Number of protein chains: 2
Amino acid sequence: MGNDLENQTEELIKQTAKMLFFTKGHINAKTQEIADEAGVNRALIHYYFRSRDILFEQVLQEELDHTKHYMHRIFTSKDPFKEKVSQFLNTLIDRMIDYPYLENFMVAEIMKDPNKIKQFHAFNEGVKLKDIIEADLKEEIVAGRLKPIKIEHFMANLMGMSAYPMIAKPIMQSIFGFDEIAYKKFLIERKRVIYKSIFDEDLPS
Amino acid sequence: MGNDLENQTEELIKQTAKMLFFTKGHINAKTQEIADEAGVNRALIHYYFRSRDILFEQVLQEELDHTKHYMHRIFTSKDPFKEKVSQFLNTLIDRMIDYPYLENFMVAEIMKDPNKIKQFHAFNEGVKLKDIIEADLKEEIVAGRLKPIKIEHFMANLMGMSAYPMIAKPIMQSIFGFDEIAYKKFLIERKRVIYKSIFDEDLPS
DNA sequence: AATATGTTTAACAAATTTGTCAATACAAAC
DNA sequence: GTTTGTATTGACAAATTTGTTAAACATATT
C-alpha cells in the first residue's frame, strides 16, 4: 500500500529540491527542472505537495528544524563554553559544505514575507538560546577567559566569520583561485582560525 | 534632444530598481512592480532597457563598479594598513546601510551564471588588490602588529564580520529585538568591534 | 505652422510557468 | 482474475509575466 519506506518518490522529490535549492543555489528552480532532475513526472510534484510553494516551504522548514535542534542541543549541554563553540563551528561548517546556500535562502524567504520570521527562531525553544549564550558569555568574561563583548556582537562575529565564506563562496573562490578541493580545505581550516580569532588561543586538537 | 539632465525617466527607473532590488531585497520584482513604484508606464522599462534582464544587469554592474573603485582607492593609498582597514569598514558598512541586499544579489547572480564571475573581480584592476593587501599583511605581521594569518582567512574574517549582519539582517533583528534605529546603531558599533577583533586594540577616534 | 525627433501610452501577442484532470498502470487484497 | 487503492502519465487550462507595436503626445527645429 505505497507507504513502505517513507514514500520513495515523495522523498526523492524533496531531496532533489533540497539539492537544487540549497546545494546548487537555484533559488528559482522551476517545477519542470526539479522533476527532470529527479527523473519523475512534473505532475507528481503537485500530486504530493499540491504546489511548488508548499514543496519549497516544506523542505526549508525541515532544514530549519534541523538547525534549531542542533543549536539547542549544543548550547544547552553542560560542556564548557569553549567546547560548545567548537562543536558549533564543527556542525555549522560541515553543514554548510552540504548546503552552502541554505543561509541565503532563509534570508530570501524572510524578505518575501517578514511575518514568516517566527519560524526562523532557532533561538526560541522553551528557554531562549539567546539568554543561555548570554549567561555563558558573562561567565567567560568575568572569569577573564574572554574580552568583554556584547552578545549581539559576539554572535555577529561568530556567525559572520563562519557563514560568509559559504554565502560568498563563488566570490572568494574566484579571488583566491580555489578549486572545490582547496575550498573545502579552506573551510575546514576556518574552524581553527575562527576559534583562535574569538578566544585568542589555539583550538585543542 | 531630451538628454538634459541625465535622462530623467531612465534614471528614475534605475534608482527605483536599485531600491527594490538592493534596499528592499525584492530579488524577483516584476517589471510591473518596478514601473508602479517608479510611477511610470511599464513599457518604458523596455523602451529604455529592452528587457528586464538588461535593466538588472546594468544596475548591478553600476554598483559593482562603485565597489571596485572605492576598494581600489582605499587599498592602494599610502595610508598605514590599520587606517586602510578603518576606512574600508566605514565605507562598506555605510554602503550596506543603503543597500543591505547588494551582497546577496551578487552571489545570486553568480549562481545563475558562473561565467559572469569575471565582472565581480573587485580584485582585478591593473595591480591585483589581493597582492597589495597580502603585502600589507606580511608587513604588519613581521612588524608584530598583527598575529600571523593567511590573506584568505583575513579577508574572510573581515568581510564576514562586516557583511553578515547585513545579509542576515532580518534574522538578527528578530533574535535580538532590534528595531530599525537600534539596528543602525548596532551596525555603526560594529566598525569598532570588528576593528578591535582584528587588531586587538581600540579604533582611534 | 509644418515637420521631425524623441517619449509615453494602452492594447496586444508571445512565452513561460503553474496547476488540474481524466486516463492508465501498477501492486496488493480479496 | 477481479477489485481496490494508490501512483504515474500526458494533455490541457489558467495564470503570470515579459516583450512588441502602433498610435498619441510633447517639444524642439525649420
Side-chain angles (χ1 to χ4, degrees), chain A residues 1-22 24-62 101 104-105 108-109 111-113 116, chain B residues 1-22 24-62 101 104-105 108-109 111-113 116:
Chain A
M1 209 71 77
N3 205 30
D4 303 275
L5 273 158
E6 279 297 320
N7 197 320
Q8 302 233 301
T9 307
E10 183 173 353
E11 194 57 26
L12 173 64
I13 291 172
K14 284 202 294 193
Q15 289 309 319
T16 306
K18 283 181 187 177
M19 190 270 285
L20 285 174
F21 292 150
F22 308 140
K24 291 204 174 174
H26 293 171
I27 183 160
N28 288 325
K30 312 301 174 195
T31 53
Q32 189 61 65
E33 307 173 44
I34 298 169
D36 288 351
E37 189 73 30
V40 304
N41 189 289
R42 191 175 63 83
L44 286 178
I45 291 172
H46 292 93
Y47 178 70
Y48 285 110
F49 302 96
R50 294 194 66 81
S51 77
R52 183 198 180 279
D53 256 21
I54 293 175
L55 166 62
F56 183 85
E57 297 282 325
Q58 198 165 319
V59 294
L60 183 62
Q61 193 59 52
E62 280 184 20
Y101 296 106
N104 259 4
F105 267 70
E109 263 310 275
M111 291 186 316
K112 278 191 209 158
D113 177 8
K116 214 170 277 175
Chain B
M1 208 74 77
N3 205 28
D4 303 275
L5 274 159
E6 277 300 318
N7 198 321
Q8 304 235 297
T9 308
E10 183 173 351
E11 194 57 27
L12 174 63
I13 292 172
K14 284 202 294 193
Q15 289 309 320
T16 306
K18 284 181 187 178
M19 190 270 284
L20 285 175
F21 292 149
F22 308 140
K24 292 203 173 173
H26 294 170
I27 184 160
N28 289 325
K30 312 300 174 194
T31 53
Q32 189 61 66
E33 305 174 45
I34 299 169
D36 288 351
E37 187 73 30
V40 304
N41 187 289
R42 192 176 62 81
L44 287 178
I45 290 172
H46 292 94
Y47 177 70
Y48 286 109
F49 302 96
R50 295 195 65 82
S51 77
R52 181 199 180 279
D53 258 19
I54 293 173
L55 165 63
F56 183 85
E57 296 282 325
Q58 198 165 320
V59 294
L60 183 63
Q61 192 59 51
E62 280 185 19
Y101 296 106
N104 257 5
F105 266 71
E109 263 309 276
M111 294 186 314
K112 279 190 211 160
D113 176 8
K116 214 172 276 173

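Quick caveat: nothing in here was measured; it's all calculated off a predicted structure. Letters go in sequence order (proteins before strands), and every chain restarts at 1.
The interatomic distance linking B:I54 (CD1) with D:dG19 (C1') rounds to 11 Å, in whole Å. Rounded to an integer number of Å, the gap from CD of B:Q8 to P of C:dT7 is 11 Å. As rounded to whole Å, 10 Å separates atom P of C:dT8 from atom CG of B:L12. Counting to the nearest Å, the P atom of D:dT6 and the CG atom of A:L44 are 15 Å from each other. The CG-C1' distance, from B:D53 to C:dT16, rounds to 14 Å in whole Å. Atom-to-atom, CZ of B:F49 to P of C:dT8 comes out at 12 Å; the value is rounded to the nearest Å. One can place CD1 of A:I45 at 14 Å from P of D:dG10, the figure rounded to the nearest angstrom. Between the OH atom of B:Y47 and the P atom of D:dA22 there is a distance of 16 Å, rounded to whole Å.
The distance from the CD atom of A:Q32 to the CD1 atom of A:I34 is 10.0 Å, given to the nearest 0.5 Å. Annotation: the span from B:L20 atom CG to B:I27 atom CD1 amounts to 12.5 Å, rounded to 0.5 Å. Considering CZ of B:F49 and CD1 of B:I13, their distance stands at 5.5 Å, rounded to 0.5 Å. Here the straight-line distance linking atom CD of A:E37 with atom OG1 of A:T16 works out to 6.5 Å at 0.5 Å rounding. Between the CG atom of B:N28 and the NE2 atom of B:H26 there is a distance of 10.5 Å, given to the nearest 0.5 Å. A:Q58 contributes atom CD, which lies 9.0 Å from atom NZ of A:K18 (distance to the nearest 0.5 angstrom).
Across C:dT7, D:dT9, D:dG19, the shortest atom-to-atom separation from the side chain of B:H46 is found for D:dG19. Proximity note for A:K30 (side chain, C-beta onward) versus C:dT18, C:dT7, D:dA7: the nearest is C:dT18. The side chain of A:Y48 has D:dA7 as its nearest neighbour among C:dT8, D:dG19, D:dA7. For B:T31, taking side-chain heavy atoms from C-beta onward, the closest of the listed nucleotides C:dT9, D:dT8, D:dT18 is D:dT18. Here D:dG19 is the nucleotide among D:dT9, D:dG19, C:dT17 with the atom lying nearest to any side-chain atom of B:R52.
Residues forming a side chain to side chain contact (heavy atoms under 4.5 Å, CB included) with A:R50 (at least two apart in sequence, or on another chain): A:I54.
In terms of modelled atom types and a separation under 3.5 Å, the side chain of B:R52 and the main chain of B:I45 share no donor-acceptor contact.
The two residues A:F21 and A:V59 make their nearest non-hydrogen contact at CD1-CG2, 4.0 Å.
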Which atoms of nucleotides 25-27 of chain C (N or O only) lie under 3.5 Å from a protein N or O atom, and what are those distances?
none

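Look at A:S51 and you won't find any side-chain N or O under 4.0 angstrom from OP1 or OP2 of C:dT18. When the side-chain nitrogen and oxygen atoms of B:N7 are compared with OP1 and OP2 of C:dT7, one or more of them lie within a distance under 4.0 Å.
Side-chain contact check for A:Y47 versus A:T9: every heavy-atom pair is 4.5 Å or farther apart.
For the segment residues 32-43 of chain B, the set of residues with a heavy atom within less than 4.0 Å of an atom of DNA chain C comprises B:N41, B:A43, in numerical order.
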